[in-house]
Number of protein chains: 2
Amino acid sequence: MKKKLTLKQIAKELDVSVSTVSKALRDSVEISEDTRQKIKAFAKLYNYKPNNIALSLKNKKTKTIGVIIPEIVHHFFTTVISGIEQVANKRGYNVIICMSNNSFDKEVINMEMLANGSTDGFILSVAKETQQRGDYHHLLEVINQGMPLVMFDRVIDEIECDKVIIDDTIGAREAVQHLIDIKCKNIALITTVDYVSVGKLRTQGYHEALVHNNMKINDDLILKVEDFDHSEEEIRKFLSGKDIDGVFAVNEHFAIYAIKAFHENGLRVPQDVSVVGFTNGELSKQFIPSLTTVSQHGAEMGAQAARLLIKKLENDEGEEEPYETIIVETSLIERNSTKR
Amino acid sequence: MKKKLTLKQIAKELDVSVSTVSKALRDSVEISEDTRQKIKAFAKLYNYKPNNIALSLKNKKTKTIGVIIPEIVHHFFTTVISGIEQVANKRGYNVIICMSNNSFDKEVINMEMLANGSTDGFILSVAKETQQRGDYHHLLEVINQGMPLVMFDRVIDEIECDKVIIDDTIGAREAVQHLIDIKCKNIALITTVDYVSVGKLRTQGYHEALVHNNMKINDDLILKVEDFDHSEEEIRKFLSGKDIDGVFAVNEHFAIYAIKAFHENGLRVPQDVSVVGFTNGELSKQFIPSLTTVSQHGAEMGAQAARLLIKKLENDEGEEEPYETIIVETSLIERNSTKR
């Protein structure tokens, strides 16, 4: 018997993308008839079978929830997982976690693998690359086959499914309003590039807060970090020599790097500059000065996502229930980095 | 057809432990003949099938590695996972992660689930509760069925399998030696209760360093934290009023709590007291003063574990290879918390 190939191997053998193989095996019209036939013939030759979700669903319940997250070395995602675990375990479900490492291909491969009889449904925060490419065929596939999917945090507007989000815009607006309330006049924003949806929404919140208070938006005070690996350096350069008395950063690392840059320049936080972050991780709590930050309540988001998924999984009536979007409210946690 | 039950549900229905059900279904002589028959009859009635690992192995390779870790909100484990992912992906394997939450039952249930055709082999760091109970039947079962298992960090001496460890004793000894070298005379140890193997080994390293330098071991200077949730409080009380000029803590949180307690008491770190931690996480890097710590090189441990597992999985020769134990060397990273 020939060795069973994986999706990735087929893609490599035929020199096409994982996405093309995946779509061709589902007869997607996006792929030319010719390519489709070639891929299907090759898959057949090597005994590759795409998952047959509908079939596996009918035959057995796995009592397992598949969770796909973009990265794991990230406090927010680990708290979300804790929340999912807590609800899932109480309701008798196991949890399996896979990481996309923000890669589109890995996201597709992981979903393919887990959908193949390992899980009853998915909880997902999409990879950066998926957002960038706008290719959602793997998500639509899962939904179309009747496998419930709940998206959290980084969700995709165009996909209809249950969602758990925070209102990033409001969270950011409140953070910037807090800086305005304590009399900051020149408030910088340290954010990500726009294709990261949460970065974009938090940037919008910054804009709204300034406009609402009749303050000017000064593009010189906005840094869109390109390269996470060198963000500390980028932030140091950006802040150097600027007349700033407040900073809103879209995550806790950016906030800590800003504080360190100010220290190096002989500025004190909070006496000379106030800093607010986003995500209430260990760093925010333990750093000196402790960091004022927007808490996303990750555990609560995870718990809600698990509840939504289990509700769909246990809806035996067969009636189609409408999709829900739960907005978990953020809260501003005031600590020493903004104490005037 | 009757609904398929899970291991946990059977245990609950029959009012016995998960471990008893799991053992009974494998005909373990540890369980009385009577109980075994009762459990097997019940399982049969409800159509429960224990996993048949040998069978699934013969029929298909999943190209998936199962990773079971005790907890996820823990920097060390997330770096190990990164290391596993990196090697696994390069070699064409997917990675599935489950958490035991340090519960024996969850560890058994997760292994049962993943062994059931979802993975080719396991990488595992055992749950605290498993160490405490000394019940390893689920691990032996997996190994006996020919499914490779690699243990890392928290390993079990009695189980023969591939292992990736650090030498916790040497790591700790070097940390304490560093404190002695910078002229600390009264060195406190903040550790965990002894049944956590790494805590015990690091405690031993502390002892060895003192003895090697002809210093007395003073039990008054040793705190074995009982309750992680209240460790900050325990540490504050322990340090209050003690004449201490050096602290070795077995993780970075304990170290940070110690520094904070000293600050509250008007002592300066490192001028009055030096502090060394264990685990090179974000807190250690970003805290002010930055923390001198023992790096376990988590990513390297994960990479080695993945290499060992894949080596066993791809050993098609059928020859039995001896088990290996790889010791990843720790290194002391000197930072500001011990700068004299």
Side-chain angles (χ1 to χ4, degrees), chain A residues 3-6 8-9 12 47 59-64 66-67 69 71-75 77-82 85-86 89 92-99 101 103 105-106 109-110 112-114 116-119 232 252-253 256-257 259-260 263 281-283 285-289 298-299, chain B residues 3-6 8-9 12 47 59-64 66-67 69 71-75 77-82 85-86 89 92-99 101 103 105-106 109-110 112-114 116-119 232 252-253 256-257 259-260 263 281-283 285-289 298-299:
Chain A
K3 213 173 127 204
K4 192 175 183 283
L5 283 186
T6 66
K8 202 171 174 180
Q9 286 167 324
K12 205 175 157 195
N47 205 26
N59 289 344
K60 76 175 215 248
K61 295 276 181 193
T62 62
K63 286 291 235 176
T64 300
V67 179
I69 53 169
E71 46 194 326
I72 204 161
V73 189
H74 195 309
H75 184 264
F77 287 118
T78 60
T79 58
V80 172
I81 291 172
S82 314
E85 283 270 343
Q86 220 164 6
N89 291 338
Y93 286 80
N94 291 314
V95 178
I96 276 183
I97 303 146
C98 285
M99 255 175 300
N101 292 327
S103 140
D105 277 5
K106 272 213 71 183
I109 290 169
N110 282 330
E112 174 88 16
M113 168 181 69
L114 292 182
N116 218 333
S118 298
T119 60
E232 184 160 10
E252 58 178 359
H253 275 91
I256 299 293
Y257 294 151
I259 294 177
K260 290 193 167 181
H263 283 173
E282 278 306 300
L283 259 179
K285 287 178 208 156
Q286 306 297 348
F287 199 73
I288 299 177
Chain B
K3 213 174 128 203
K4 191 174 181 285
L5 282 187
T6 67
K8 203 173 175 181
Q9 285 167 325
K12 206 176 157 194
N47 204 25
N59 289 343
K60 77 175 214 251
K61 295 276 183 197
T62 62
K63 286 290 234 177
T64 301
V67 178
I69 53 169
E71 46 195 326
I72 205 163
V73 189
H74 195 310
H75 184 265
F77 288 117
T78 59
T79 57
V80 173
I81 291 171
S82 315
E85 283 269 343
Q86 221 164 6
N89 291 339
Y93 285 79
N94 291 316
V95 177
I96 276 183
I97 303 147
C98 284
M99 256 175 299
N101 291 328
S103 140
D105 277 5
K106 272 212 72 183
I109 290 169
N110 281 331
E112 175 88 18
M113 169 181 69
L114 291 182
N116 218 332
S118 298
T119 60
E232 183 160 11
E252 58 177 358
H253 274 90
I256 299 294
Y257 294 150
I259 294 177
K260 290 191 168 184
H263 283 171
E282 277 306 302
L283 260 178
K285 287 178 208 155
Q286 306 296 348
F287 200 73
I288 301 176

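Protein chains get the first letters and strands the later ones, always in sequence-line order, with residue 1 at the start of each. Only heavy atoms go into these numbers, but all of them, side chains included; no hydrogens, no water, no symmetry mates.
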Using non-hydrogen atoms and a 4.5 Å limit, figure out which bit of [X] sits close to chain A: side chain, backbone, both or neither.
X: I72(B); answer: both
X: I81(B); answer: side chain
X: N89(B); answer: both
X: F77(B); answer: neither
X: I259(B); answer: neither

Apply the test side-chain contact (heavy atoms from CB on, under 4.5 Å) to residues I97(A) and M99(B): give CA-CA distance (whole Å), side-chain angles for both, the deciding distance (0.1 Å), then the verdict. CA-CA 9 Å; I97(A) 303 146; M99(B) 256 175 299; 3.6 Å; yes
| Minimum heavy-atom distance between I96(B) and C98(A), given as atom pair plus value |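 Here I96(B) and C98(A) meet closest at CG1-SG, 3.8 Å.
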Exercise. Could you grab the distance from atom NZ of K63(B) to atom CD1 of I109(A), nearest 0.5 Å is fine?
Key: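 So the NZ of K63(B) and the CD1 of I109(A) are separated by 12.0 Å.
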Problem - Interatomic spacing from NZ in K285(B) to CG in L283(A) - rounded to 0.5 Å - result: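 Between K285(B) NZ and L283(A) CG, I get 10.0 Å after rounding to 0.5 Å.
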- Task: Report, as yes or no, whether the 6.0 Å neighbourhood of atom CD on E232(B) holds more than 12 heavy atoms from other residues, nucleotides or ligands.
- Result: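 Atom CD in E232(B) is packed in, count exceeds 12.
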How about CD on E282(A), more than 12 heavy atoms from neighbouring residues, nucleotides or ligands closer than 6.0 Å, or not?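 Enclosed: over 12 neighbouring heavy atoms sit under 6.0 Å from CD of E282(A).
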| request: Report the C-alpha separation of Q286(B) and H253(A) in whole Å, then their side-chain angles, then the decisive distance to 0.1 Å, and conclude whether the side-chain hydrogen bond (donor to acceptor under 3.5 Å, both in side chains) test is met. | output: CA-CA 9 Å; Q286(B) 306 296 348; H253(A) 275 91; 4.9 Å; no
| message | Counting heavy-atom pairs under 4.5 Å with chain B, which one of H263(A), K8(A), E71(A), K106(A) comes out on top? | response |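 Result: the option with the highest number of such pairs is K106(A).
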Among K12(B), K260(B), H75(B), who wins on heavy-atom pairs under 4.5 Å with chain A?
->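 The candidate making the most pairs under 4.5 Å is K260(B).
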